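Step one of this worksheet: look at the structure below.
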There are 2 protein chains.
Amino acid sequence: MLTQRQQEVMDFLRSEHRKTGIMPSTREIQQHFGFSSQTAAVSHLTALEKKGVIQKLAGKARALMFTDEMEREPIIDIPIYGQIPAGFGDDGVPEPEGQLSVDVRSMGVSTHSTAYALRVRGDSMIDAHIMDGDVVVMEDKPANNRDIVAALIDGETTLKRLVIEKRKKFLRAENADYPDLVPLQELLVQGVMVGLVRHFGRSW
Amino acid sequence: MLTQRQQEVMDFLRSEHRKTGIMPSTREIQQHFGFSSQTAAVSHLTALEKKGVIQKLAGKARALMFTDEMEREPIIDIPIYGQIPAGFGDDGVPEPEGQLSVDVRSMGVSTHSTAYALRVRGDSMIDAHIMDGDVVVMEDKPANNRDIVAALIDGETTLKRLVIEKRKKFLRAENADYPDLVPLQELLVQGVMVGLVRHFGRSW
DNA sequence: TCATGCACTGTATAAAAGAACACTGTTCAT
DNA sequence: ATGAACAGTGTTCTTTTATACAGTGCATGA
């Protein structure tokens, strides 16, 4: 679809946009490719727009955008915490061990939500099809019966299913090898699971 | 951290950037807030940079970028196909039913990979912890024994585990209720599963 | 009460950047 | 052989845009 030269221009636009956050001006394109004339850059941009891969806003500086990014849903950045820290939420915010960036539609969260994610350790939720190493996305919202929640129970935080029976709340693993966790004192829900991301290969 | 007014300016930057793909100029900020002076906009931007939420490139037009987006991994747009179409790859590219945008690190794919995704129907892979409705991310690459693959077998495409025994390839479901699929004629691997995204709530 | 940060007004200037027009030469399908 | 798309050169003009500097008024904590 694109000629080789046009692809080279697109690659330059992409790499500059990634590095600097802004689009190069026509003169910057000219300099990068060593054109003697600014018009060479302009006509390439015109061709790229005609082919539909970029869009231009007339009269504005650096006003190019990639068509595919335009059609993209808004992206949300979700901090990933490793070990579920005891007392999470009490003594400040722990350091994220990474970040998950995903479009809001695929994760079913809203742009302004306060989502966070946890890296799952162990197989206590295996029967809910949550595997060791999975990243589960949580949202801080009211929990219903049988939701999977991150909860602080007697001083420790864990990912389990919340069960409410006869007005009593307790936590249940999704693995027959693990017993129910009935709180001696407190049971504080810190988030409700809304999604999950898994990937094979290198762990991060 | 930000004052109310500064937050309003940030919100304006964000919404303009989302709508147009480019940052507003100082004059556009001035007009939007009804400032009599351009300097009001400039000093807000200076304050925002001082607080670390944006970064400016001196001397360049519309050269602002959000600090959080700078720190973000590159995003890849993965087309999601619904029904796994028979003959996928033969008669052109089928229409995606949606798109998954996710950072390359979280999905473990490279920026230039030709990844695609499939929406899972049924519970034939449930013992591999792949649920009905999950979106599985595939990459077109050589498959090894016991990889989970999308494969064309005797004219139909399906998601199963690839098993190679005694130089013979066949497909195995991860559910005892389903029989092995031994190919009568052809077994063509169309992709290897590299990741998975699940979310609760509304289905899209 | 004094400095500091905030939120502006008002004016001016120079640089950055888009846009327009007239060209040349090549390749490639009809 | 001919038009159309491609890939440029060379020049000029105007608009857009950032930047600089001199102020005002208000709140707030030291």
Side-chain angles (χ1 to χ4, degrees), chain A residues 1-70, chain B residues 1-67 69-70 92:
Chain A
M1 186 177 183
L2 297 186
T3 67
Q4 195 193 309
R5 200 58 164 159
Q6 285 165 2
Q7 188 59 55
E8 284 172 38
V9 176
M10 272 301 279
D11 290 346
F12 178 63
L13 296 184
R14 281 234 148 80
S15 84
E16 283 299 298
H17 186 250
R18 178 143 308 287
K19 257 196 302 192
T20 65
I22 57 169
M23 288 292 191
S25 66
T26 53
R27 281 175 181 83
E28 286 168 354
I29 299 170
Q30 177 193 353
Q31 275 174 49
H32 175 260
F33 287 97
F35 298 145
S36 315
S37 174
Q38 188 198 162
T39 311
V42 173
S43 57
H44 271 119
L45 293 183
T46 309
L48 288 174
E49 189 178 29
K50 202 172 167 188
K51 294 198 172 178
V53 292
I54 62 170
Q55 259 164 269
K56 297 204 289 176
L57 292 174
K60 302 200 165 171
R62 298 168 186 275
L64 297 177
M65 76 193 293
F66 299 114
T67 307
D68 54 1
E69 286 194 10
M70 269 185 55
Chain B
M1 185 177 184
L2 297 185
T3 67
Q4 196 192 310
R5 200 57 164 159
Q6 285 166 359
Q7 188 59 55
E8 283 172 37
V9 176
M10 271 301 278
D11 290 345
F12 178 63
L13 296 184
R14 281 235 147 78
S15 83
E16 284 298 298
H17 187 249
R18 179 145 308 287
K19 258 196 300 191
T20 65
I22 56 170
M23 288 292 193
S25 65
T26 53
R27 269 161 247 259
E28 284 169 356
I29 298 170
Q30 177 192 353
Q31 275 175 47
H32 176 261
F33 287 97
F35 299 144
S36 315
S37 173
Q38 191 196 162
T39 310
V42 173
S43 58
H44 271 118
L45 294 183
T46 308
L48 288 174
E49 189 179 29
K50 203 173 167 188
K51 294 198 172 178
V53 293
I54 62 170
Q55 260 166 270
K56 296 205 288 175
L57 292 174
K60 300 199 168 175
R62 298 169 185 274
L64 297 177
M65 75 192 293
F66 299 114
T67 307
E69 287 196 9
M70 268 185 54

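The basis for the numbers below is simple: all heavy atoms, side chains too, and nothing from hydrogens, waters or symmetry mates. Order of the sequence lines fixes the chain letters, A, B, ..., with proteins taken first and strands second; residue numbering starts at 1 for each chain. No experiment lies behind these values; they were computed from the predicted model shown.
- Taking the six-membered ring wherever Trp is involved, the centroid distance between the rings of B:H17 and B:F66 falls below 6.0 Å.
- We find that CD1 of A:I22 is positioned 13 Å from P of D:dT17, with the value rounded to whole Å.
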**Item:** Protein proximity profile, nucleotides 5-15 of chain D - base contact B, sugar-phosphate-only contact S, no contact -, cut-off 4.0 Å on heavy atoms
**Value:** -SSSBBB----
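- Protein chain A touches strand DNA chain C; the 5'-most and 3'-most nucleotides with an atom under 4.0 angstrom of its non-hydrogen atoms are C:dA17 to C:dC21.
- With a 4.5 Å cut-off on side-chain heavy atoms, B:L48 and B:L64 do not count as touching.
- By the 4.5 Å heavy-atom criterion applied to side chains, A:V9 and A:L2 are not counted as neighbours.
- Residue A:V42 is classed as having no contact, given no heavy-atom separation below 4.0 Å to the nucleic acid.
- Side-chain atoms of B:Q6 and B:M10, non-hydrogen and from C-beta on, never get closer than 4.5 Å to each other.
- Within the structure, salt bridge (charged side-chain N to carboxylate O under 4.0 Å, His left out) contacts touching residues 20-36 of chain A (residues at least two apart or in different chains) are A:E28-A:R62, A:E28-B:K60.
- Residues B:T3 and B:K51 meet the side-chain proximity criterion, which asks for heavy atoms closer than 4.5 Å.
- Judged by distance alone, with hydrogens and angles left aside, the side-chain atoms of B:E16 form no donor-acceptor pair with the main-chain N or O of B:P24 at under 3.5 Å.
- Below 30°, between 30° and 60°, or above 60°: for A:F35 and A:H44 the angle between ring planes is below 30°, a parallel geometry.
- In this structure, B:R62 places its CZ atom 8 Å from C1' of D:dT17, rounding to the nearest Å.
- Between B:M23 atom CE and D:dA18 atom C1' the separation is 16 Å, expressed in whole Å.
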